[in-house]
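What follows is a set of notes on a single structure, which appears directly below.
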Amino acid sequence: MLYQSGSPLASLHTSVLEWYDANARVLPWRDPAAGPWAVMVSEFMLQQTPVARVLPAYQRWLERWPKPADLAAEPPGEAVRAWDRLGYPRRALRLHAAAQAIVERHGGEVPDDHAALLALPGVGTYTAAAIASFAFGQRHAVVDTNVRRVLARALTGVAQPTISPTAADQRLAVTALPEDVRTAARWAVASMELGALICTARTPRCGDCPIRSQCAWVLAGSPPYEGPPRKGQTYEGTDRQVRGRLLAVLRSEHGAVPKKALDACWQDHVQRERALDGLVADGLVEPLPRNQYRLPT
DNA sequence: TACTCGTGGCT
DNA sequence: TAGCCAAGAGT
């Protein structure tokens, strides 16, 4: 007996799990043969980057580095180059460092222990739970932006979750987690998928939602968002844009790049220098003698 | 806590 | 069109 029959949560679980079985996307990291390293690579790439853009980079990455030790043996700059235009290239550096840590601490195998995962570079609360749940079938609250939104609507009855993750979100997700281990692991991926495909941020497809008859937000008449305004991410003219341009040049060149080539990226001298210094400080760029730069070796 | 950190598709 | 948004982590 997995559920107390008649329990509202049990009904929610059943509806979402049945929907997932019929509607889940076929994604390579969900293949049972994919393995923990493949799951881990996908989770790093999917941090703030949409699935469609991750797919090709993911395939190339695993083809080139099928095991953590393969990546760990290469210079970090190769990880940054292979990261291509996924964005937030520090993730590439962290994935490389995590691969090295896996070789040093765990004999080259992705650990199945939540605490050990959390101790790896670039692995936070979400990613540790995701790897433990998706790759090892463990029972964890896997709380990403999709799950926060689904729970905010279905259980709390508001249009959007809070702007940043809170301890309350985590507690709510733990409360909503099925007791049975295997069911919990399926619920983790299924509730996330529901948020990605149906219970979307902008225009949720409530007409296709398997839990619309149980959704606290829908039952309340789908009231609009009331919270504080979400501040938009500006990008034009930011240091991030400059960093992106500088790094794009360095990715395309395999050797040393003269500073003059980097100077052509951006007019504002002060901002350009600040961005370049930041890249060096982050370990994404290596300064060389004679005013030259390259990806880290 | 609030901020930083890329990139590009979608509405 | 121009925001809005995307499987967050680190500081």
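Lettering follows sequence order; numbering is per chain, from 1.
In this structure, R182(A) has no side-chain hydrogen bond (donor to acceptor under 3.5 Å, both in side chains) partners at least two apart in sequence or on a different chain. For R243(A), the side-chain hydrogen bond (donor to acceptor under 3.5 Å, both in side chains) partners are D282(A), not counting sequence neighbours.
Regarding Q233(A), its CD atom lies at a distance of 16 Å from the P atom of dG9(B), rounded to whole Å. Spacing between atom CD of E236(A) and atom C1' of dT7(B) amounts to 12 Å, rounded to whole angstrom units. Note: CD (Q241(A)) to P (dT7(B)) measures 9 Å, nearest angstrom. In this structure, L247(A) places its CG atom 8 Å from P of dG6(B), rounding to the nearest Å. Across the protein-nucleic acid pair, D239(A) atom CG and dG6(B) atom C1' stand 13 Å apart, rounded to whole Å. Rounded to an integer number of Å, the gap from CZ of R94(A) to C1' of dG6(B) is 13 Å.
Between D21(A) and R186(A) there is a salt bridge, since at least one side-chain N of the basic residue sits less than 4.0 Å from a carboxylate O of the acidic one. Here D263(A) pairs with K259(A) in a salt bridge; the nearest charged N to carboxylate O distance falls below 4.0 Å. One finds no salt bridge joining D70(A) and K67(A) here, because no Lys/Arg side-chain nitrogen approaches an Asp/Glu carboxylate oxygen to under 4.0 Å. Taking 4.0 Å as the cut-off between side-chain N and carboxylate O, E63(A) and R60(A) do not count as a salt-bridged pair.
Spacing between dA7(C) and dA2(B) at atom P, rounded to whole Å, works out to 23 Å. Nucleotides dG8(B) and dA9(C) are separated by 23 Å at their P atoms, to the nearest Å.
Contacts between residues 184-205 of chain A and DNA chain C, defined by a heavy-atom separation below 4.0 Å, involve M192(A), A201(A), R202(A), listed by number. Contact check of residues 261-284 of chain A against DNA chain C (heavy atom, cut-off under 4.0 Å) returns no residues at all. Near DNA chain C, meaning a heavy atom under 4.0 Å from it, residues 127-146 of chain A has T127(A), D144(A), T145(A), N146(A) in order of number. The stretch residues 33-63 of chain A comes close to DNA chain C through E43(A), L46(A), Q47(A), Q48(A), P50(A), each having a heavy atom under 4.0 Å from the strand.
To the nearest 0.5 angstrom, R212(A) atom CZ is 9.5 Å from C206(A) atom SG. If you take CG on L288(A) and CZ on R294(A), they are separated by 4.5 Å, rounding to the nearest 0.5 Å. Atom-to-atom distance recorded for Q160(A):CD and R148(A):CZ is 9.5 Å, nearest 0.5 angstrom. L197(A) CG to Y20(A) OH: the interatomic distance, rounded to the nearest 0.5 Å, is 9.5 Å.
Applying the side chain to side chain donor-acceptor pair (under 3.5 Å) rule to pairs touching residues 188-200 of chain A yields R25(A)-E193(A), R30(A)-E193(A), sequence neighbours excluded.
A continuous path of ILVMFWY side-chain contacts below 4.5 Å connects W37(A) to L27(A), so both sit in one hydrophobic cluster. Under the 4.5 Å side-chain heavy-atom criterion for ILVMFWY residues, a single connected hydrophobic cluster contains both V16(A) and V189(A).
When only modelled atom types and interatomic distance are considered, Y126(A) and Q47(A) share no side-chain donor-acceptor pair under 3.5 Å. Between the side chains of R94(A) and Y88(A), not a single donor N or O lies within less than 3.5 Å of an accepting N or O.
Hydrophobic cluster membership for Y225(A): I163(A) (Ile, Leu, Val, Met, Phe, Trp, Tyr linked by side-chain heavy atoms under 4.5 Å, directly or transitively). Side-chain heavy-atom separations under 4.5 angstrom define the hydrophobic clusters, and the remaining members of the one that includes L250(A) are V80(A), L93(A), V242(A), L246(A), L247(A), V249(A), V257(A), L262(A), W266(A), L276(A), L279(A), V280(A), L284(A), V285(A), Y293(A), L295(A).
Toward the 5' end of DNA chain C, the nearer of the two residues L120(A) and G232(A), judged by each one's closest nucleotide, is G232(A).
Using a 4.0 Å heavy-atom distance criterion, L27(A) is classed as a base contact. Counting non-hydrogen atoms under 4.0 angstrom, T125(A) reaches the backbone sugars and phosphates but no base. Nucleic acid contact class of G87(A) (heavy atoms, under 4.0 Å, all strands): base. Note on W29(A): a base of the nucleic acid sits closer than 4.0 angstrom, heavy atoms only. Among the protein residues, R148(A) comes within range of no part of the nucleic acid, since none of its heavy atoms lies under 4.0 Å from any strand. Across all strands shown, L86(A) has heavy atoms under 4.0 Å from base atoms, whether or not it also approaches the sugar-phosphate.
Protein chain A contacts DNA chain C over a range whose 5' and 3' limits, counting nucleotides with an atom under 4.0 angstrom from a non-hydrogen atom, are dG3(C) to dG10(C).
In terms of phosphate contacts, R85(A) brings a side-chain nitrogen or oxygen within less than 4.0 Å of OP1 or OP2 of dG8(B).
Ring pair W83(A)/W61(A): centre-to-centre distance below 6.0 Å.
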Could I get a table of every N or O pair under 3.5 Å where one atom is in the protein and the other is in nucleotides 1-3 of chain B?
unit_1	atom_1	unit_2	atom_2	d
dC3(B)	OP2	K231(A)	NZ	3.4

Identify all side-chain donor-acceptor contacts of residues 107-118 of chain A below 3.5 Å with residues at least two apart in sequence or on another chain.
unit_1	atom_1	unit_2	atom_2	d
D113(A)	OD2	A115(A)	N	3.3
D113(A)	OD2	A116(A)	N	3.0

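Heavy atoms only, all atoms of each residue included: P204(A) and R153(A) are closest at CB-NH1, 3.7 Å.
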